[in-house]
Amino acid sequence: GNSVTQMEGPVTLSEEAFLTINCTYTATGYPSLFWYVQYPGEGLQLLLKATKADDKGSNKGFEATYRKETTSFHLEKGSVQVSDSAVYFCALGNQGGKLIFGQGTELSVKP
Amino acid sequence: NAGVTQTPKFRILKIGQSMTLQCTQDMNHNYMYWYRQDPGMGLKLIYYSVGAGITDKGEVPNGYNVSRSTTEDFPLRLELAAPSQTSVYFCASRDGASLEQYFGPGTRLTVT
């Protein structure tokens, strides 16, 4: 079946550090891939997405590339800010229209 | 355009009580979803709907019921609340053209 695995958190970084959050998936067919972000006390917001292999999603300085050969969709940002502190969820969207979420990775950025 | 709204924001229930979590969207989306989020566990799908009058079970439907009488509303009913239902509940919706889902702010439920 479909599944998503993310690196465990919490991840603690200093401001302006480089961020990578790993995400790998198992799926049949050709899923779409998403990163959602959840700020404290709020619901999930779409951060970026990619709908086919080799697509790169980007938003607010974050990027992720859909790698079919390694079944990965790692999230990266070159220089994190304190305001990026949140929980990040990788998700897979299948042909049935449902989203399968990873367990979430908490990011804490210190000044 | 308010998007997806949920009420209440917080609720404490005693074991065995019942309640309805409300969800409304104003984007004319056909698809709606209910998830629960437990600490460190990601989101699990409880029920979903592909349009008014049509609902189906997700991954963890036991102890819950839903109805979809209109496109806008998708209430989640808890009967006989149990401590295992302590969680944060999120409602989401999407249109038919994209897999992207739009989430409400959540309802934090505690059953004691």
Side-chain angles (χ1 to χ4, degrees), chain A residues 1-11 21-27 29-52 55 57 59 64 66 73 86-107, chain B residues 2-10 21-25 27 29-51 54-61 74 87-109:
Chain A
N2 296 338
S3 66
V4 175
T5 302
Q6 289 180 235
M7 65 184 285
E8 289 197 16
V11 174
I21 300 178
N22 290 339
C23 171
T24 57
Y25 67 91
T26 303
Y30 303 95
S32 294
L33 299 173
F34 303 85
W35 277 101
Y36 279 82
V37 58
Q38 183 180 31
Y39 298 104
E42 298 184 11
L44 279 71
Q45 304 172 25
L46 180 68
L47 181 60
L48 53 84
K49 66 181 180 183
T51 58
K52 61 183 187 298
D55 267 3
N59 186 24
Y66 188 160
F73 192 55
V87 181
Y88 292 82
F89 292 92
C90 185
L92 175 161
N94 61 21
Q95 294 305 310
K98 299 175 196 166
L99 290 181
I100 311 295
F101 287 88
Q103 75 271 32
T105 302
E106 182 180 358
L107 171 67
Chain B
V4 180
T5 57
Q6 293 182 238
T7 56
K9 283 188 167 45
F10 303 94
L21 283 67
Q22 301 292 344
C23 175
T24 300
Q25 53 92 9
M27 297 174 282
H29 287 170
N30 283 328
Y31 297 81
M32 296 187 74
Y33 305 83
W34 273 106
Y35 296 90
R36 58 177 288 169
Q37 182 184 28
D38 299 315
M41 298 295 289
L43 278 75
K44 302 291 186 186
L45 182 64
I46 304 171
Y47 270 95
Y48 66 101
S49 169
V50 301
I54 306 170
T55 62
D56 207 348
K57 296 177 181 178
E59 189 180 353
V60 289
F74 190 40
S87 190
V88 181
Y89 291 85
F90 289 102
C91 180
S93 72
R94 71 174 179 95
D95 65 25
S98 167
L99 293 175
E100 174 186 344
Q101 293 183 16
Y102 295 82
F103 284 79
T107 294
R108 184 175 295 276
L109 176 67

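Note that the structure is a prediction, hence the values are computed from the model and not measured. In the text below, chain A, chain B and the rest are named by the order of the sequence lines, each starting its count at 1.
Highest contact tally toward chain A, considering only B:Gly42, B:Gly58, B:Ala92, is held by B:Gly42 [criterion: heavy-atom pairs under 4.5 Å].
A:Glu8 does not touch chain B: none of its heavy atoms, backbone or side chain, sits under 4.5 Å away. Interface remark: B:Gln6 contributes no atoms to any contact with chain A (heavy atom separation under 4.5 Å). For B:Arg108, no part lies near chain A; criterion is any non-hydrogen pair under 4.5 Å. Only the side chain of B:Leu45 comes within less than 4.5 Å of a heavy atom of chain A; its backbone N, CA, C and O stay farther away.
Applying the ring pair (Phe, Tyr, Trp, His ring centres under 6.0 Å) criterion to B:Tyr31, with sequence neighbours excluded, gives no partner residue. Under the side-chain hydrogen bond (donor to acceptor under 3.5 Å, both in side chains) criterion, A:Ser32 pairs with no residue at all, not counting sequence neighbours.
The CZ atom of A:Phe101 sits 6.0 Å away from atom CD of B:Gln101, with the distance rounded to the nearest 0.5 Å. Once rounded to the nearest 0.5 Å, the distance linking CG of B:Leu21 with CH2 of B:Trp34 reads 4.5 Å.
Interface with chain B: from residues 86-94 of chain A, residues A:Phe89, A:Gly93, A:Asn94 qualify, criterion being any non-hydrogen pair under 4.5 Å.
Applying ring-ring contact (aromatic ring centres under 6.0 Å, His included) to B:Tyr35 and the options B:Tyr47, B:Phe74, B:Phe103, B:Tyr48 leaves one that passes, B:Phe103.
Ring geometry for B:Tyr102 against B:His29 counts as tilted: the plane angle lies between 30° and 60°, on a 0 to 90° scale.
Residues in residues 95-105 of chain B take part in these salt bridge (Lys or Arg N to Asp or Glu O under 4.0 Å) pairs, two or more places apart or across chains: A:Lys49-B:Glu100.
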Can you check side-chain contact (heavy atoms from CB on, under 4.5 Å) on A:Tyr36 and A:Leu99, steps first, answer last?
CA-CA 11 Å; A:Tyr36 279 82; A:Leu99 290 181; 3.8 Å; yes

